[in-house]
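This report concerns only the one structure given below.
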Amino acid sequence: MTEHLFEYISIIILLLGASSYLLRHQIKNYFKSPSVQISQVSFGKRVKNGYISLLNLLYHNSNKHDLEREILHIAVERTDGRYVGGYTKDTDEFDADSFIEDYFYEILNYSDSKNENFIFSLDSSFNIKELNSKLRISLGSLLDKIELPNLSNIDIESTILIYKEKLNQENIQMTFISDGSDTYYFLLHPVSKEKEVYKAIDDIGLERIILN
């Protein structure tokens, strides 16, 4: 009887020890790098809010309701831990640069799929007629007083500067952002909204560039 009792007590002790170990392990995993988890969530929220601000500050032809829903969808989808630890997952470091770029390209891909102009892009293959068409669709009656250039055989930077001057005459500003590539991205907004747009660009994590 005593022998069986001893075996029962030993088993109970082992079970309690195992349970204690599993509990400690779960707690450790739950609280592992809480600052990284919190910073990723807060960072994602900042980027999301930056795009929502731009949605309401810019001139564009996007469906606001649909684009806002897509911005929120991307935020939920992307804030899932995939940017912590890189490919090896051996560290707790949050890869903010990859998060910013992926979010940006998803916004661009969505706009392209809808044939909308939220963020404009120009590369070496740009077409003046196509650019003029996009501007007219996005700016509507604001372009009534502006005669858009009809240029040919001119480099992209010279073209941009001509457009900037033309649009500024009607208090429309072209603000340029960079993803580090050779493509020019620009936003259209009222001159009076400059500071708000600049803050939103900082929030989405992209670099603002100045073209003179």
Side-chain angles (χ1 to χ4, degrees), residues 47-75 100-179 181-201 203-212:
V47 174
K48 176 198 68 179
N49 290 339
Y51 280 109
I52 296 294
S53 294
L54 289 178
L55 179 63
N56 295 298
L57 292 168
L58 304 182
Y59 293 124
H60 57 87
N61 70 325
S62 301
N63 181 303
K64 282 192 174 184
H65 179 267
D66 289 349
L67 181 53
E68 180 173 2
R69 184 173 56 190
E70 182 64 17
I71 290 169
L72 296 176
H73 170 73
I74 295 171
I100 289 167
E101 288 182 5
D102 288 349
Y103 209 126
F104 179 62
Y105 296 140
E106 285 210 40
I107 294 290
L108 291 179
N109 290 337
Y110 174 80
S111 294
D112 287 344
S113 72
K114 297 291 184 179
N115 199 27
E116 295 175 343
N117 308 303
F118 177 53
I119 297 172
F120 295 78
S121 62
L122 288 175
D123 56 28
S124 57
S125 63
F126 80 101
N127 179 288
I128 288 291
K129 289 184 179 180
E130 182 181 346
L131 175 59
N132 286 351
S133 175
K134 288 181 177 182
L135 291 174
R136 290 193 182 283
I137 291 172
S138 300
L139 294 172
S141 60
L142 293 172
L143 281 184
D144 288 347
K145 298 178 182 179
I146 303 175
E147 183 179 351
L148 291 176
N150 187 11
L151 308 167
S152 61
N153 299 323
I154 186 170
D155 65 272
I156 186 170
E157 288 198 16
S158 298
T159 301
I160 287 171
L161 294 176
I162 292 172
Y163 274 84
K164 276 187 63 180
E165 183 179 351
K166 287 279 187 181
L167 293 172
N168 276 3
Q169 292 172 6
E170 295 302 317
N171 292 313
I172 300 170
Q173 183 165 321
M174 296 174 76
T175 291
F176 293 84
I177 55 179
S178 173
D179 65 345
S181 71
D182 294 332
T183 300
Y184 291 89
Y185 299 98
F186 67 90
L187 315 172
L188 295 175
H189 60 88
V191 172
S192 61
K193 300 295 183 181
E194 179 183 80
K195 289 184 179 179
E196 295 169 75
V197 171
Y198 287 1
K199 181 184 182 305
I201 292 172
D203 287 343
I204 68 175
L206 292 179
E207 180 185 359
R208 182 170 53 87
I209 56 176
I210 300 173
L211 299 178
N212 297 315

- Where do S178 and I209 come nearest, in terms of heavy atoms and distance? CB-CG2, 3.9 Å
- Note on the structure: Residues L142 and I172: closest non-hydrogen pair is CB-CD1, 4.1 Å
- Is a side-chain donor or acceptor of S62 paired with a backbone partner of K64 at a separation under 3.5 angstrom? no
- Query: Any Lys/Arg nitrogen of E130 or K134 sitting under 4.0 Å from an Asp/Glu carboxylate oxygen of the other?
  - Reply: yes
- Query: Is N132 close to Y163 at the side-chain level, that is, under 4.5 Å between some pair of heavy atoms?
  - Reply: yes
- Item | G50 to A200 - nearest heavy-atom pair and separation | O-CB, 3.6 Å
- Message: Within this structure, what is the CG-NE2 distance for the pair N56 and H189, rounded to the nearest 0.5 Å?
- Response: 14.5 Å
- Query: Do F104 and I119 touch side chain to side chain, with heavy atoms closer than 4.5 Å?
  - Reply: yes
- Would you please test Y110 and D66 for side chain to side chain donor-acceptor pair (under 3.5 Å) and show each step? CA-CA 10 Å; Y110 174 80; D66 289 349; 4.7 Å; no
- Task: Is it possible for you to check whether R208 lies under 6.0 Å from the centre of the six-membered ring of Y198, through NZ or CZ, and within 45° of that ring's axis?
- Result: yes
- Specify whether F186 and F120 have parallel, tilted or perpendicular ring planes, treating 30° as the upper limit for parallel and 60° as the lower limit for perpendicular. parallel
- Are F176 and I210 side-chain neighbours, meaning at least one heavy-atom pair lies under 4.5 Å? no
- Query: With a cut-off of 6.0 Å (strictly less than), are more than 12 heavy atoms of other residues, nucleotides or ligands near CD of E147?
  - Reply: no
- Student check: side-chain heavy atoms of I201 and V197 closer than 4.5 Å: yes
- Item | Under the ring pair (Phe, Tyr, Trp, His ring centres under 6.0 Å) test, residues paired with Y59 that sit two or more places apart | none
- Task: Just jot down the ring pair (Phe, Tyr, Trp, His ring centres under 6.0 Å) partners of Y51, sequence neighbours excluded, or say none.
- Result: Y103
- Working to the nearest 0.5 Å, report the span between CZ of R136 and OG of S141. 12.0 Å
- When every non-hydrogen atom of Y105 is compared with those of D179, the smallest separation belongs to OH-OD2, 2.8 Å
- Hey, could you give me the CD/NZ distance between E68 and K48, rounded to the nearest 0.5 Å? 9.5 Å
- S158 OG to I160 CD1 distance, which is reported to the nearest 0.5 Å: 9.0 Å
- Message: Are the side chains of N63 and E116 in contact, using a 4.5 Å heavy-atom criterion?
- Response: yes
- Item | Any donor-acceptor N or O pair under 3.5 Å, side chains Y184, E157 | yes
- Task: With side-chain contact (heavy atoms from CB on, under 4.5 Å) as the test, would you mind laying out the steps for F118 and L187 before giving the verdict?
- Result: CA-CA 8 Å; F118 177 53; L187 315 172; over 6 Å; no
- Is it true that a side-chain atom of H60 and a backbone atom of L55 form a donor plus acceptor pair closer than 3.5 Å? yes
- Side chain to side chain, E196 and K199, heavy atoms closer than 4.5 Å: no
- Give a yes or no on this: more than 12 heavy atoms of other residues, nucleotides or ligands lie within 6.0 Å of atom CG of D182. no
- Message: Could you measure the distance from the CG atom of D203 to the CD1 atom of I52? Nearest 0.5 Å is fine.
- Response: 12.0 Å
- Message: Around atom NZ of K193, are there more than 12 heavy atoms from other residues, nucleotides or ligands closer than 6.0 Å?
- Response: no
- Please say whether more than 12 non-hydrogen atoms of neighbouring residues, nucleotides or ligands are located less than 6.0 Å from CG in N115. no
- Message: Walk me through whether L122 and T159 qualify under side-chain contact (heavy atoms from CB on, under 4.5 Å).
- Response: CA-CA 10 Å; L122 288 175; T159 301; 5.9 Å; no
- Within 6.0 angstrom of K164 NZ, more than 12 heavy atoms from elsewhere: yes
- Query: Can I177 and E207 be said to form a side-chain contact (heavy atoms from CB on, under 4.5 Å), step by step?
  - Reply: CA-CA 6 Å; I177 55 179; E207 180 185 359; over 6 Å; no
- Query: CD1/I146 to CG/L135 distance, rounded to the nearest 0.5 angstrom?
  - Reply: 9.0 Å
- Item | S138 backbone acceptor or donor facing N117 side chain under 3.5 Å | no
- Task: Kindly check if the number of other-residue, nucleotide or ligand heavy atoms within 6.0 Å of CD (E170) is above 12?
- Result: yes
- Side chain proximity check, L206 to Y185, heavy atoms < 4.5 angstrom: no
